[in-house]
Amino acid sequence: MLKPNLENYEETYKKFRWSDVYGELEWLDGRLNIAHEAIDRHADSWRKNKVALYLERENETSEKYTFLEMKHLSNKFANVLKALGIKKGDRIFIFLPRIPELYISFSGILKTGAIAATLFSAFGPEALRDRLKDSGARAVITNSELKARLYEVKDELPELEYVIRADEKEVKEGEVSYAEEMKKASRNFVVEKMAPEDSSFTLYTSGTTGKPKGVVHTHAAIVQQHITAKWVLDVHEEDIFWCTADPGWVTGIAYGILGSWSNGASSLVYEGKFDASKWYSLIEKYSVSAWYTAPTAVRMLMKAGEELPKKYDLSSLRYICSVGEPLNPEAVRWSLKVFGLPIYDNWWQTETGGILISNYPCMPIKLGSMGKPFPGIAAAVIDEKGNELPPGREGELAIVHPWPAMMESIWKNEEKYKSYFKGRWFLTGDRAYVDSDGYFWFVGRADDVIKTSGHRIGPFEVESALIEHPAVAEAGVIGKPDPVRGEIIKAFITLYEGYAPSEELKENIKNFVKKRLAAHAAPREIEIVDTLPKTRSGKIMRRVLKAKELGLPIGDISTLEEY
Ligand code: ATP
Ligand code: MG
């Protein structure tokens, strides 16, 4: 059994200073570079021949790269960019599936001091255009399959100079061949020494509540990504760490690449899509020990049943974390039953750049709570005036700013950036309450809280009660305008296999929820659907459910999984 990296939360919280972490990083004459922290300092140490990246392709072949190989490859890519005249501050986008070139080019971009940005490989032309145009991207790295979508909108992107093709030698005029240029490039590169406040990567938010925002991060973010990966995700030297998030989402960068490598762990990446059997087989094949995933993925594993995991040897697993959405208590109970391990929930946002509130291996879990503020983070629940509310009172979750990984700006939108701050508070847009033990409980996003007959109901508690019903696999809950009650609660649900939709079942589910929650918190209407609208990072898009229900415009759906 490995000892948790953080052994005493309360004591550490009391005495912690961010500067305590500085000594765990390797500074470059008082400056730093995220790629150096994640790769080069390990490549220059006894870890050089340790595997940094295990990559399982969709076609079932696999590859591995040591820290030294990653250093040389990312150096080469940095030289390729330099030869093209790419300089500090330029925005360079990666539009690739989860293949080695994504991880190599991401690190190479950072080494040059340019700003790295990722795009989900499933993005369509409009999602690409919006992001590339907004950010004035100078180069995009893509492949032959995806480039058609880019070319559909390329004429609208006057600042885009280079299209780098990661998978073909034969390139069209105006394109750069990754293979050819990498062959010519030197494997030596002097990494750009960056000021902590210099930009490192930029990422658009998930688009759950509206148009995605271009969030810009700094190189100092690694301070927080390093220590949160160590204390929250409990990443150890010995671990095979699997972060299931795509790098198109902030989790896939901050912890799928940076925080885990910074701690010197080996990371697993799977190119393909979610598939329950495949996922279990990967845990078995690679002896995954620390696993960072999302509630939606857990619910999908639950849907695949309890018998399936029994076919695999999952005994390597020792620690499981989750992020992105509230983690339903039922999901944790299920994990305890199936893996013999709880799931440790943690909360953060694209804008926060790193984990801010979390559960820790050394602290008892309260099912349904997102845990306590990370050391160095002061969090509170506040009212509209910015006053702190006492335990038990619901309000907006707010954080005292700044912290090392806090976003540096919203790209070209100073006004939006300013709107996040009110005095000493950073406003999260999420509703929550604290209990008397200091645990934080997520209620819902501000826009999603339902006002019914004078009560405020968070969709999370209703959804969590719904999925405790044996027939309900997933639930998305909205407030539907009602002349008498203000709003009524409407639930959209998907069913487990073997259950057929019927009025009787709906009544049964309503009564089931009524017994668990106050009567006014039970849904008045239930609609059974085949799927729920989700973002590419797996978040239920309640605004889409609501807009469809009310016949209103759906708004920006560039991140919607299927449409
Ligand atoms: P957008 O800002 O574009 O609407 P988004 O908020 O979903 O999209 P992200 O930055 O990826 O984009 O997600 C952060 C949000 O995800 C949080 O504000 C919160 O609402 C939700 N979230 C993340 N982790 C948790 C968690 N552990 N429990 C509850 N909610 C969570
Ligand atoms: Mg958000």
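Order of appearance sets the numbers: ligands from 1, and atoms from 1 within every ligand. This structure is a prediction, so every number in the text was calculated from the model and none was measured. Worth knowing before you read on, the calculation uses all heavy atoms, side chains too, and leaves out hydrogens, waters and symmetry mates.
- Among protein heavy atoms, the minimum distance from atom 19 (C) of ligand 1 is reached at Asp430 OD2, 2.9 Å.
- Applying the side chain to side chain contact (heavy atoms under 4.5 Å, CB included) criterion to Val288, with sequence neighbours excluded, gives Ile240, Trp242, Leu268, Ile283, Tyr286, Trp291, Leu317.
- In this structure, Asp234 contributes its side chain and Asn5 its backbone to a donor-acceptor pair below 3.5 Å.
- For ligand 1 and Thr205, the ligand atoms under 4.0 Å from any heavy atom of the residue are 1 (P), 2 (O), 3 (O).
- Each of the following atoms of ligand 1 lies closer than 4.0 Å to a heavy atom of Pro326: 28 (N), 29 (C), 30 (N).
- Taking every heavy atom of Thr350 and a limit of under 4.0 angstrom, the matching atoms of ligand 1 come to 9 (P), 10 (O), 11 (O).
- Both tests do not hold together for Arg91 against Phe93: distance to the six-membered ring centre under 6.0 Å, angle to the ring axis within 45°.
- Among the atoms of Lys539, some N or O lies under 3.5 angstrom from an N or O of ligand 1.
- Side chains of Asp239 and Ser289: a donor on one and an acceptor on the other come within 3.5 Å.
- Of all atoms in ligand 1, listed by their number and element, those nearer than 4.0 Å to a heavy atom of Trp249 are 11 (O).
- At under 3.5 Å, not a single nitrogen or oxygen of Ser322, backbone or side chain, sits near a nitrogen or oxygen of ligand 1.
- Checked against ring-ring contact (aromatic ring centres under 6.0 Å, His included), Tyr496 has no partners two or more places apart in sequence or in another chain.
- Nearest non-hydrogen protein atom to atom 11 (O) of ligand 1 is Ser206 OG, 2.6 Å.
- Remark: aromatic rings of Trp348 and Tyr255 are close, center separation under 6.0 Å.
- An N or O contact shorter than 3.5 Å links Asn346 to ligand 1 by distance.
- Within a 6.0 Å sphere centred on CD of Glu527, other residues, nucleotides and ligands contribute more than 12 heavy atoms.
- Closest to atom 31 (C) of ligand 1 among all protein heavy atoms lies Trp347 CD1, 3.6 Å.
- Of all the atoms in ligand 1, the ones that sit under 4.0 Å from a non-hydrogen atom of Gly324 are 16 (O), 21 (C), 22 (N), 23 (C), 24 (N), 25 (C), 31 (C).
- Taking the six-membered ring where the residue is Trp, the centroids of Tyr270 and Trp279 are separated by 6.0 Å or more.
- Comparing Met370, Arg445, Lys211, Glu325 by heavy-atom distance to atom 26 (C) of ligand 1, the nearest is Glu325.
- When each of Lys534, Lys303, Lys539 is checked for a salt bridge (charged side-chain N to carboxylate O under 4.0 Å, His left out) with Glu474, only Lys534 meets the rule.
- Residue Ser537 has no nitrogen or oxygen atom sitting less than 3.5 Å from a nitrogen or oxygen atom of ligand 1, judged on distance alone.
- Geometrically, Lys278 does not engage Tyr280 in a cation-pi contact defined by less than 6.0 Å to the ring centre and at most 45° from the axis.
- Of all protein heavy atoms, the one lying nearest to atom 4 (O) of ligand 1 is Thr209 OG1, 2.4 Å.
- Ligand 1 has Trp348 within reach: a non-hydrogen atom of the residue lies less than 4.0 Å from it.
- Nearest protein heavy-atom contact of atom 5 (P) of ligand 1 is Thr208 OG1, 3.4 Å.
- Closest to atom 2 (O) of ligand 1, if we only count protein heavy atoms, is Lys213 NZ, 3.1 Å.
- Of the possible polar contacts, none joining the Arg445 side chain to the Gly429 backbone as a donor-acceptor pair under 3.5 Å is found.
- Which parts of ligand 1 touch Val323 is read off a 4.0 Å heavy-atom cut-off, strictly below it: atoms 24 (N).
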